[in-house]
Structure formats: C-alpha cells, structure tokens
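Down below is the structure, laid out as structure tokens.
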Protein chains: 2
Amino acid sequence: MNKDRPYSALVQRLKAAGLRPTRQRLALAKLLFEPQSGGDRHITAEQLHAEAVAEAVRVSLATVYNSLHQFTGAGLLREVVVEPGRSYFDTNVSDHHHFYFEDGGRLQDIPGEQVHLEGLPNPPEGTRVARIDVIVRLSDGESEAS
Amino acid sequence: MNKDRPYSALVQRLKAAGLRPTRQRLALAKLLFEPQSGGDRHITAEQLHAEAVAEAVRVSLATVYNSLHQFTGAGLLREVVVEPGRSYFDTNVSDHHHFYFEDGGRLQDIPGEQVHLEGLPNPPEGTRVARIDVIVRLSDGESEAS
DNA sequence: ATACTTGCAAATCGTTTGCAATACC
DNA sequence: GGTATTGCAAACGATTTGCAAGTAT
C-alpha cells in the first residue's frame, strides 16, 4: 500500500546490514530504533510483537524472533541475559552496563565510560574478551545509610 | 540400607538450612559440595542429574530442580544466568565474578576481592543493590598484542 | 525468475507443577 | 502418625523449526 513514509534511513540501515528491507523488518526496526519515546530500548520478543500488533502491523511472533536475532547478528542490537528463560534486546550497542530491577524486570543503562573495572585477571591462554557485562541487580528497599 | 557413610557434615549442613537430609538431597549435596575433583562447581540441573544417574543414585530430574532451588534459597548455592534458557548453579556463594567461555559454555570463578568497580551510579531512590554480577565473556582467539 | 522471507502450526528445550506414593522424625 | 519429600507424567513458557505461500530485487 503506502510505502511512501520516510523509511529511507531505516531502509539504508537494513541494507547496510545485509538484510532485505521487508515490510515487517522495517516496521520492527521503526519500533526499535525510532521509538516515539526516544532513547534506547530493552525489549523482549513478546513485548515487541505486542507493540507491533497494537500498531496494526501484521507480523508473526516467529518473524519477530527471527528479526531480533538477525538484527543482533548484524550488530544493530545487543542481547542481554539477566533472567533465566527470557531474553532482552538492547538498542544500545555501545559499551555499557545495566541496572536490573528485580521486581518488574526492567533494565536501565549505565553508561560504559563512567564505570571502571580494575583487577580483572587476564583472559586464559587462547581466549579473548568478547565482552564484559556488569549487571547491578536492584531490589526494593532503601539503601542503608552508611 | 547403608546410611553409615560419614555424611554427618552434609547432614548438618542440610539441617542447618532447614532441609530434611533425605537420600536424594544428601546425594546431590555430596556431588555438589564434596566433589572428587575438589574446588567449586558450576553446574546445570541436567548435568547434576546426569552425574547422579551415573553414580547409580536414583533421583528424578524434578527433584534435582527442586533441590537446586531449595539449596539456592538456603544460601548454599548461587544461581548464575549467562545464557538464555539455561541456569547454572555455583557452589561458590561468596562475592565473586565469572569468566564465561562462550564456546563450551563453561564458567570459571574470578575472586571478588581482586576486582574493583568504580564509578557506578548510586541505585535509584527506593532501591538497594542486591548483587553485582560481572561476566567476562570469552571467545576463542588470541588476545591481540597491544 | 529466483533467492530470500514470512506465517503458521508443530516441535523442542529447559523448567515447573499436580498429585498419589513414599520417606523422614 | 503426620508432614515433608519424591517421582512421574502432564503442563508450561519461551524459543525454534519445517515447509508452503508470499515478496523483494
């Protein structure tokens, strides 16, 4: 139907990633990378699917999973594992860390530059550091005054 | 039958945790806390079940799951999430971090004392830090000479 | 035209649960 | 004896897959 919206930037992004800009990938990319709410997103496949459906985008859950993995493989997303049995996808692919609100299961970015890790042993022979994840798990309750 | 093996230490440990020292819990505790290989363990439910079966211990997988969670609730184990859809249980419950070998899915402890984290923002209002997980993900390949 | 994508429904994986039989104190 | 625990098999939720139908280049 109407494919005249200014999807050009997203089209380029997908093409650059080696992915055909199909209707569903474009719609998902729009939800992910150009959210009305601005900023970065931490979302599960089910959540993204629900959003798509809510916006009358016809996409199957299977395609949402496929797309999320393709985007991740292309470096457009970063998968974050904090809970057994549930994967989050983060639109922020830069070096950074996370707060994880255990009650509610929400994630919040911690900019990578401001955090410094010291004293880590060198990676064992024959391996290299692919990535370092720091997850600060938060629970309800006041932090005690020291 | 023969319940005369020196399980006393384990029996005490279970009792102290408020858990009845049943045959299956004792056998699992022995595999977890007194491994022939010494040292701490990072194991999945399936792996532990396989070990038990291999040692002719009759335990159902469901009981292994139950026991692992009970042990975790009692502070005898620590659950580590590094991969979607798979939980590891760590017999080291002290403050420490992990190397994760992406190929092979093995975990290795990094003592907590030697690692220092600086620059973390304060936890948001009304929350407290329950725990901080640092996961150093390793992949095959030489670390580049700088 | 042709290879890549999609959707559906079935399959899979790890994990949990219901409930009768069983083991501990 | 009475309650906690176990085992089995069915139920589960998240994710994946097979394959025919649809779509991008």
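Lettering of chains follows the sequences in order, A, B, ..., and the numbering in each one begins at 1. Every heavy atom of this structure was used, including side-chain atoms; hydrogens, water molecules and symmetry mates were not. Just so we're clear, the structure is a prediction, and the values are computed from it rather than from any experiment.
- A side-chain donor-acceptor contact under 3.5 Å links B/H42 and B/D109.
- Side-chain contact between A/I135 and A/R137 is present, with at least one heavy-atom pair separated by less than 4.5 Å.
- In this structure, A/K30 does not pair ionically with A/E55, as no charged nitrogen and carboxylate oxygen lie closer than 4.0 Å.
- If you measure from atom CG of B/L14 to atom P of C/dA23, you get 19 Å, rounded to the nearest angstrom.
- Counting heavy atoms from C-beta outward, B/V129 and A/L138 have side chains that approach closer than 4.5 Å.
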Given protein heavy atoms under 4.0 Å, the one-letter contact record of nucleotides 11-18 of chain C, with B base, S sugar-phosphate only and - none, is simply ---SBBB-

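- The shortest side-chain heavy-atom distance between B/H98 and B/V82 does not fall under the 4.5 Å cut-off.
- Rounded to a whole Å, the CZ atom of A/R58 is 8 Å from the P atom of D/dT23.
- A salt bridge links A/E51 with A/R41; the closest basic N to acidic carboxylate O contact falls under 4.0 Å.
- The distance from atom CZ of A/R23 to atom C1' of D/dA21 is 14 Å, rounded to the nearest whole Å.
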Which pairs, protein N/O on one side and nucleotides 1-5 of chain C N/O on the other, fall under 3.5 Å?
{"unit_1": "C/dC4", "atom_1": "O4'", "unit_2": "A/R20", "atom_2": "NH1", "d": "3.4"}
{"unit_1": "C/dC4", "atom_1": "O4'", "unit_2": "A/R20", "atom_2": "NH2", "d": "3.1"}
{"unit_1": "C/dT5", "atom_1": "OP1", "unit_2": "A/R25", "atom_2": "NH2", "d": "2.7"}
{"unit_1": "C/dT5", "atom_1": "O5'", "unit_2": "A/R25", "atom_2": "NH2", "d": "2.7"}

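- Regarding B/L68, its CG atom lies at a distance of 12 Å from the P atom of D/dT6, rounded to whole Å.
- Between B/D103 and A/T127 the shortest side-chain heavy-atom distance does not fall below 4.5 Å.
- Aromatic ring orientation, A/Y100 versus A/Y88: perpendicular (interplanar angle above 60°, classes split at 30° and 60°).
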